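Note sheet for the following structure.
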2 protein chains.
Amino acid sequence: MHSPTFSPLYRQIKELILRDLESGEWGPGDPIPSESELAGRFGVSQGTVRKAIDEMAAENLLVRQQGKGTFVATHKDPGSFFRFLRLAPNDGDLQVSQSVPLECWRAKAGADVARILALNTGAPITIVRRLLKLGDEPVVFDEIYLPSELFPDLSLDVLRSGESLYSLFETRYGVRMIRADERLRAVSADRVSAEWLQVADGSPLLLVERVTFTYGHKPVEWRRGFYSTRNYHYHNELG
Amino acid sequence: MHSPTFSPLYRQIKELILRDLESGEWGPGDPIPSESELAGRFGVSQGTVRKAIDEMAAENLLVRQQGKGTFVATHKDPGSFFRFLRLAPNDGDLQVSQSVPLECWRAKAGADVARILALNTGAPITIVRRLLKLGDEPVVFDEIYLPSELFPDLSLDVLRSGESLYSLFETRYGVRMIRADERLRAVSADRVSAEWLQVADGSPLLLVERVTFTYGHKPVEWRRGFYSTRNYHYHNELG
DNA sequence: TAGTGGTCTAGACCACCCA
DNA sequence: GGGTGGTCTAGACCACTAC
């Protein structure tokens, strides 16, 4: 017999490293201590630390670089831009993308948003509308719901910084997007979406509803994205 | 300096095990030899074999079971049914699913299908139409393109066996589906789809185009699925 | 009890990056 | 040259399953 809460040593080490990550001990892009130093610090062998880091690298929390070190994952890296955007052109090459903020205002959380973001009904939220353009074509119209408490001074001006949204959230507000759940449906374009996406009223659009989580499975963003799939598609790989 | 084709020992071991898998040395669901036996056979340490198997388990090619052994992955296992079907109910519990074969006929590959399935134009293909019902509701209308060479005697009768398609392909034809690429778009229902899915003509439908691969990145199925997303959605998790 | 996968260690050496 | 991650080994012990 053993305790039902038994977990192997490398998972305990993983939890310790995770706690340091959450506490902000190391910021996005920073190097964490070397495997041998962590091994010494925790009093375990290097192989055990290695296995802990292996799992965290597989979960995109850390990034290893041979010869250099292990780094805290970041959304600043342009290469990770499409980690949360599964958009690809039907044919031809990908155009440069541009995020165009449209509106930004405060509101009180209704029952739905409150439930999804684990807030109290009536809690202050910030709503953002923005358009994602690829080349000159508007492709995604997003409506984004955020807890105002975490993003206190968010405004259109702040959004016009040019960097990607998640990169902005990370550097300005210290909120790191780790994981997301998406639900996809086909819907008919309403007047607002149709106008922004320059498609006929009632055209079929791909609706992508996303709940994004930070450390500890805490939901911090709800997003409804309307995708115009004339020239682009949502790409997914099943393993 | 070293050869540009250098690969670590555990990857070479992985390739050897992979070759045995492809050759049908062990069938789906069968146990493979123990780690220590493979280590002896290949003349490497158990840890190296272990790392090779680790990767293959992460790719869903093998399944480990502590105390019992390591087994070749199979689609027979009911638990793996939703590995390639990212469908979930908007609310409420999942109903039992039922695959209803509608039509099955031979044809010659057009340019598109030939390109996607890596066949010559005009090569014999088999086309299947089927309906996926959840509870009593028709949810997905699939049109499936297969190389006739790999599925020689496929017919409506064969399809009525009740087991899942990929399970059938695996047991009857020895074709194992390993990986798939999906492209999602929103489209308007055409007459045929609308009728089978019992929705209004022109309703928005989620079109899921899937290319499925067996070992060695060989494409063996092309599938166009029309999803009715009134009560169900396509679920995707982003890590 | 015997056999399997799962964990942990200690130590050696390789590949890579940088100063 | 010195530090980092990456590979490989040999051996010990733990956890689980089956008989």
Side-chain angles (χ1 to χ4, degrees), chain A residues 1-18 20-21 25-26 29-74 77 79, chain B residues 1-18 20-21 25-26 29-74 77 79:
Chain A
M1 283 298 273
H2 65 269
S3 146
T5 56
F6 164 83
S7 82
L9 194 46
Y10 74 86
R11 277 200 196 282
Q12 301 175 38
I13 301 300
K14 184 181 169 185
E15 289 307 316
L16 291 176
I17 299 175
L18 208 46
D20 283 342
L21 267 182
E25 172 103 9
W26 314 299
D30 288 352
I32 71 170
S34 74
E35 294 180 356
S36 53
E37 192 193 324
L38 289 172
R41 186 182 300 183
F42 296 133
V44 301
S45 84
Q46 187 181 356
T48 300
V49 170
R50 188 165 180 77
K51 187 146 188 183
I53 293 180
D54 274 345
E55 284 202 356
M56 300 176 74
E59 293 166 19
N60 293 118
L61 297 175
L62 298 175
V63 177
R64 315 183 92 121
Q65 283 185 254
Q66 179 169 135
K68 295 176 73 174
T70 301
F71 302 82
V72 179
T74 175
D77 172 24
Chain B
M1 281 299 273
H2 65 267
S3 145
T5 56
F6 163 83
S7 82
L9 194 45
Y10 75 87
R11 277 201 196 281
Q12 301 176 38
I13 300 301
K14 183 181 168 186
E15 289 307 317
L16 291 176
I17 299 175
L18 207 47
D20 283 342
L21 268 181
E25 172 104 9
W26 315 298
D30 288 352
I32 71 169
S34 73
E35 295 180 355
S36 53
E37 192 192 324
L38 288 171
R41 187 182 299 182
F42 296 133
V44 300
S45 84
Q46 186 181 356
T48 300
V49 170
R50 187 166 181 75
K51 187 145 189 187
I53 294 179
D54 274 345
E55 283 202 357
M56 301 176 74
E59 293 166 20
N60 293 117
L61 296 174
L62 297 175
V63 177
R64 316 183 92 120
Q65 283 186 254
Q66 177 168 133
K68 296 174 73 174
T70 302
F71 302 82
V72 179
T74 175
D77 171 23

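Residue numbering restarts at 1 for every chain, and letters A, B, ... go by the order of the sequence lines. What you are looking at is a predicted structure, and each value in this text was computed from that prediction instead of being measured.
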Non-neighbouring partners of A/E15 that pass side chain to side chain contact (heavy atoms under 4.5 Å, CB included), sequence neighbours left out: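 Scan of A/E15 (side chain to side chain contact (heavy atoms under 4.5 Å, CB included), adjacent residues dropped) gives A/L18.
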Partners passing salt bridge (charged side-chain N to carboxylate O under 4.0 Å, His left out) against A/K14 (at least two apart in sequence or in another chain):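 A/K14: salt bridge (charged side-chain N to carboxylate O under 4.0 Å, His left out) contacts with A/E55, A/E59.
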Partners passing salt bridge (charged side-chain N to carboxylate O under 4.0 Å, His left out) against A/R64 (at least two apart in sequence or in another chain):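 A/R64 satisfies salt bridge (charged side-chain N to carboxylate O under 4.0 Å, His left out) with A/E35, A/D54 once adjacent residues are dropped.
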Could you pull out the protein-nucleic contacts involving nucleotides 5-7 of chain C (nitrogen or oxygen on both sides, under 3.5 Å)?
{"unit_1": "C/dG5", "atom_1": "OP1", "unit_2": "B/T70", "atom_2": "OG1", "d": "3.4"}
{"unit_1": "C/dG5", "atom_1": "OP2", "unit_2": "B/E35", "atom_2": "N", "d": "2.9"}
{"unit_1": "C/dG6", "atom_1": "OP2", "unit_2": "B/R50", "atom_2": "NH1", "d": "3.1"}
{"unit_1": "C/dG6", "atom_1": "OP2", "unit_2": "B/R50", "atom_2": "NH2", "d": "2.7"}
{"unit_1": "C/dG6", "atom_1": "OP2", "unit_2": "B/R64", "atom_2": "NE", "d": "2.6"}
{"unit_1": "C/dG6", "atom_1": "OP2", "unit_2": "B/R64", "atom_2": "NH2", "d": "3.4"}
{"unit_1": "C/dG6", "atom_1": "O4'", "unit_2": "B/Q66", "atom_2": "NE2", "d": "3.3"}
{"unit_1": "C/dT7", "atom_1": "OP1", "unit_2": "A/Y10", "atom_2": "OH", "d": "3.1"}
{"unit_1": "C/dT7", "atom_1": "OP2", "unit_2": "A/K51", "atom_2": "NZ", "d": "2.9"}

Qualifying salt bridge (Lys or Arg N to Asp or Glu O under 4.0 Å) pairs, either residue in residues 37-47 of chain A, two or more places apart: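 Passing the test, one end in residues 37-47 of chain A: A/E37-A/R41.
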Rounded interatomic separation in angstrom, taking CZ from A/F71 and C1' from D/dG3: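 Rounded to whole Å, this separation is 12 Å.
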Set of side-chain hydrogen bond (donor to acceptor under 3.5 Å, both in side chains) partners for A/T74, sequence neighbours left out: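 Checked A/T74 against side-chain hydrogen bond (donor to acceptor under 3.5 Å, both in side chains); matches are A/E170.
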